[in-house]
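See structure below.
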Amino acid sequence: MTFEERHFWLRRLHSLSGIVPIGGYLAFHLYENYTATRGGEAYNRMVRNLQETPFAIFLEIGIIIVPLLFHGVYGLFVTGTARPNVTSNRYVRNWMYFLQRATGVILFAFVIFHLWTTRLVNIRDHESVDLFRLMQESLQSRWIYAFYIVGILSATFHLANGIWSFSIVWGLTVGPRAQRRMIWVSAAVFLILSFIGIRSIQAFRA
Amino acid sequence: MEVAKDPKTRDGRRTSPVVYDRACLEEVCGSCAMRVNGVARMACTALIDSLAQPVKLEPLAKFPVVRDLSVDRSSMFESLKRVKAWVPIDGTYDLGPGPRMAESERAYAYELSKCITCGNCLEVCPQVNDRSSFMGAAPISQVALFNRHPTGRMLAAERLDALMGEGGLDECGNAQNCVRACPKSIPLTTSIAEMFRATTAHGFRKLFGS
Ligand code: HEM
Ligand code: FES
């Protein structure tokens with residue numbers, strides 16, 4: 001690989017990491033958290049099960065932290081090269097381009113906050129924390145609840161729209177008709193994941 | 001043009017005429033692109049009776065202004081050189097006729113060949129700006145054109161290499177304003193996606209085939 005090509009591979013790696021593993025993990029994460037709709041006991045049992053997965057810490061670092069750090073930092077760098085012009089070019093795709101970057105920046109802040117308050121808190125005896133209670137208490141605050149709603153919708157939008165642009169970047173959808181068909185896939189992912197995510201977060205407030 | 005014959009300032013004094021570029025007046029030379037009432041377009045086909053008055057003219061913002069409405073588009077020609085947007089036929093002897101092209105290929109290539117290097121696609125692109133070195137849609141689409149030409153294809157790998165470097169294809173953010181702004185209705189986003197596919201294959205070929 002020549003020096004010139006590092007640009008190409010960085011961008012492709014950024015694109016790929018958004019789907020595998022980050023996008024895959026996001027879908028799994030929202031899905032597992034839906035257990036909250038069955039109450040605190042079921043939720044904490046699910047959490048314990050995950051914590052007992054073999055090599056859990058390596059999976060957390062290798063599948064979540066490292067890719068997310070790369071995608072997030074490179075994503076901020078990519079966002080830094082943008083000069084959005086949605087006011088003078090009011091097209092849907094131009095808005096999506098803008099929102100992809102805006103939700104990325106929101107996600108960067110949200111993920112740090114979310115990791116800090118749920119995973120890094122009591123890191124020593126994390127395995128004995130009553131996470132359901134912890135979430136319930138923290139979500140008592142209207143602001144934190146609102147931040148979670150915004151964070152979840154940003155994540156689902158960012159992934160859904162990312163699937164659409166990923167398909168172009170890797171050469172899957174080339175013509176305008178193929179790209180239009182991909183919007184349906186993208187919209188379905190957004191609606192389904194948003195439904196699961198919002199219902200789960202509501203369960204902590206019930 | 002009538003205004004240019006007798007240029008006056010707002011308070012009626014004579015002044016020097018406004019400088020602007022034009023040649024063909026029929027949307028084929030590409031020199032008259034500017035922002036007319038905020039929209040990047042060819043001035044020669046912006047008919048005055050279909051515009052909101054008063055008409056506001058501005059030079060394209062993505063190129064250095066030479067004077068008034070005249071801008072320097074050299075950066076686009078540099079990009080065309082960089083991606084080798086030509087068919088290599090120079091030599092010391094007659095190479096004979098090239099291979100024939102399928103009619104459907106020719107017809108599609110003709111659409112891509114309509115590019116007049118006006119710069120409107122760069123003007124509306126949020127990724128073409130002072131913070132990035134992105135070359136914009138026009139030269140990328142020219143690679144799509146020359147890489148489907150039977151003789152032009154001989155430089156295909158070099159053109160893809162050029163697209164994979166800094167300021168190339170991967171700076172695109174798929175905002176797709178370019179295809180809307182193109183006065184020649186060139187399928188720019190299809191060319192871009194086609195090049196994404198071609199560079200994906202090219203990248204893997206180099207990674208695993210070398
Ligand atoms: C939940 C976490 C995240 C997921 C699931 C995710 C997923 C994705 C996906 C699938 C893409 C599409 C790749 C492509 O267009 O080729 C993408 C693109 C992008 N992401 Fe993320 N991402 C996440 C977090 C972030 C963060 C924290 C940032 C930081 C700002 C960010 C910034 C970007 C940017 C700027 C793009 C557009 C890249 C381009 O079009 O060149 N993302 N993301
Ligand atoms: S004068 Fe040639 S394109 Fe307008």
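Just so it is clear, the values below take in all heavy atoms, side chains as well, and ignore hydrogens, waters and symmetry mates. Just so it is clear: chains get the letters A, B, ... in the order the sequence lines come, proteins before strands, and each one is counted from 1. Everything quoted here is computed from the prediction, not taken from an experiment.
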Is it the case that more than 12 heavy atoms not belonging to A:Arg199 sit under 6.0 Å from its CZ atom? no
Determine whether more than 12 heavy atoms belonging to other residues, nucleotides or ligands lie under 6.0 Å from atom OH of A:Tyr31. no
Pick one of side chain, backbone, both or neither for B:Asn129, based on which atoms fall under 4.5 Å of a heavy atom in chain A. side chain
Is it the backbone or the side chain of B:Ser191 that comes under 4.5 Å from a heavy atom of chain A, or both, or neither? neither
Which bit of [X] comes within less than 4.5 Å of chain B, counting heavy atoms only: side chain, backbone, both or neither?
{"X": "A:Gln179", "answer": "side chain"}
{"X": "A:Ser167", "answer": "neither"}
{"X": "A:Trp95", "answer": "neither"}
{"X": "A:Leu10", "answer": "neither"}

Taking [options] one by one, which has the highest count of heavy-atom pairs under 4.5 Å against chain A?
{"options": "B:Val39, B:Asp130, B:Thr189", "answer": "B:Asp130"}
{"options": "B:Thr190, B:Val124, B:Asn174, B:Asn177", "answer": "B:Asn177"}
{"options": "B:Ser132, B:Gly165, B:Ala40", "answer": "B:Gly165"}

Shortest non-hydrogen contact from A:Arg6 to B:Glu166? NH2-OE1, 4.4 Å
Do you know which two heavy atoms are closest between B:Cys172 and B:Ile192, and how far apart they sit? SG-CG2, 4.0 Å
Hey, are A:Arg133 and A:Glu137 close enough for a salt bridge, meaning a charged N less than 4.0 Å from a carboxylate O? yes
Relative to A:Tyr97, does A:Arg93 satisfy both conditions: NZ or CZ under 6.0 angstrom from the six-membered ring centre, and within 45 degrees of the ring's axis? no
Considering only heavy atoms, give the residues of residues 100-118 of chain B separated from chain A by less than 4.5 Å, sorted numerically, with 'none' for an empty result. none
Side chains of A:Ser194 and A:Thr156, donor plus acceptor under 3.5 Å: yes
Among A:Arg205, A:His114, A:Gln202, find the residue that satisfies the side-chain hydrogen bond (donor to acceptor under 3.5 Å, both in side chains) test when tested with A:Tyr148. A:His114
Go through the steps for B:Thr199 and A:Arg12 under the test side-chain hydrogen bond (donor to acceptor under 3.5 Å, both in side chains), then give the verdict. CA-CA 10 Å; B:Thr199 49; A:Arg12 297 297 157 111; 3.0 Å; yes
With the side chain counted from C-beta on, respond yes when B:Glu171 and B:Val128 share a heavy-atom pair under 4.5 Å apart, and no when they do not. no
